[in-house]
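Keep in mind that the numbers below use all heavy atoms, side chains included, and drop hydrogens, waters and symmetry copies. A note on names: the letters A, B, ... follow the listed sequences, proteins ahead of strands, and every chain is numbered from 1.
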Amino acid sequence: DVKVTQSSRYLVKRTGEKVFLECVQDMDHENMFWYRQDPGLGLRLIYFSYDVKMKEKGDIPEGYSVSREKKERFSLILESASTNQTSMYLCASILAGVANEQFFGPGTRLTVL
Amino acid sequence: AQKVTQAQTEISVVEKEDVTLDCVYETRDTTYYLFWYKQPPSGELVFLIRRNSFDEQNEISGRYSWNFQKSTSSFNFTITASQVVDSAVYFCALSEEGRGSNYKLTFGKGTLLTVNP
């Protein structure tokens, strides 16, 4: 059974803290994605990665960075968390070269106080 | 630029009613793929269907059916005889081919469907 897991379901952080959100997939997928989901705005792409150590900006990369040191793991980093980064964060992965479904993790609901 | 529009923000129906969720897309690609995902209250997105741009046949899966019309750039989703368990946010998405045939998705804003008993 294919799996995308995220390190936390719920996270509460304070303004200014550095925050790490971890995503791991066990499907040997080359491509991984980070989205944030906000009411009325749908899913918006933050960053994605086509391969290890490769990253590309999505639609809303400001305030975020990512790290992909191993194929199975894709980390989203909030260098200095702010209240407007309170959101649901979703990780997804897909095999390279095919337009199949993306597999999603369960999401991390981050609250920044 | 790719765009997906789900004009219905929220829909509320009574159980056993039929309901159609609209999806309109924009793309300059000649080859593309359309998707529907369901997000129940638990939060995890569940894949429902993928359709490529060359296949305009309608598809039926149990109580679910999809109507793809290239002429109107629409990919609508109908639930027949809705049930309370169908309550969820539904997203329509469009694939975009990037470098090296790697694909990413553009999502609509979603439609919240509430099915009342």
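In the hydrophobic clustering of this structure, B:L21 does not group with B:L112; members are Ile, Leu, Val, Met, Phe, Trp, Tyr whose side-chain heavy atoms approach within less than 4.5 Å, directly or through other members. Both A:V112 and A:I60 are assigned to one and the same hydrophobic cluster, defined by single-linkage of ILVMFWY side chains at heavy-atom distances under 4.5 Å. In the hydrophobic cluster analysis, where Ile, Leu, Val, Met, Phe, Trp and Tyr join through side-chain heavy atoms closer than 4.5 angstrom, B:W36 is grouped apart from B:F91. Clustering ILVMFWY residues whenever any of their side-chain heavy atoms sit less than 4.5 angstrom apart, transitively, puts B:I49 in the very cluster that holds B:Y25. With hydrophobic clusters built from ILVMFWY side chains whose heavy atoms lie under 4.5 angstrom apart, A:Y89 shares a cluster with A:F74.
For B:F107 and A:Y35, the ring centers are positioned less than 6.0 Å apart.
Contacts of A:R109 with chain B are absent, with no heavy-atom separation under 4.5 Å from either backbone or side chain. Interface remark: A:L90 contributes side-chain atoms only to the contact with chain B (heavy atom separation under 4.5 Å). For a residue to count as touching a neighbouring chain, one of its non-hydrogen atoms must lie under 4.5 Å from one of that chain's; by this rule A:L45 touches chain B with the side chain only. Contacts of B:T106 with chain A are absent, with no heavy-atom separation under 4.5 Å from either backbone or side chain.
Taking each heavy atom of A:Q102 and B:Y37 in turn, the nearest pair found is N-OH, 2.8 Å.
Within 6.0 Å of atom CD1 in B:I60, 12 or fewer heavy atoms from other residues, nucleotides or ligands are found, so the atom counts as exposed in its surroundings.
You'll find the side chain of B:Q39 reaches within 4.5 Å of the side chain of A:Q37, heavy atoms only.
A distance of 9.5 Å separates CG in B:L105 from CG in A:L43, rounded to the nearest 0.5 Å.
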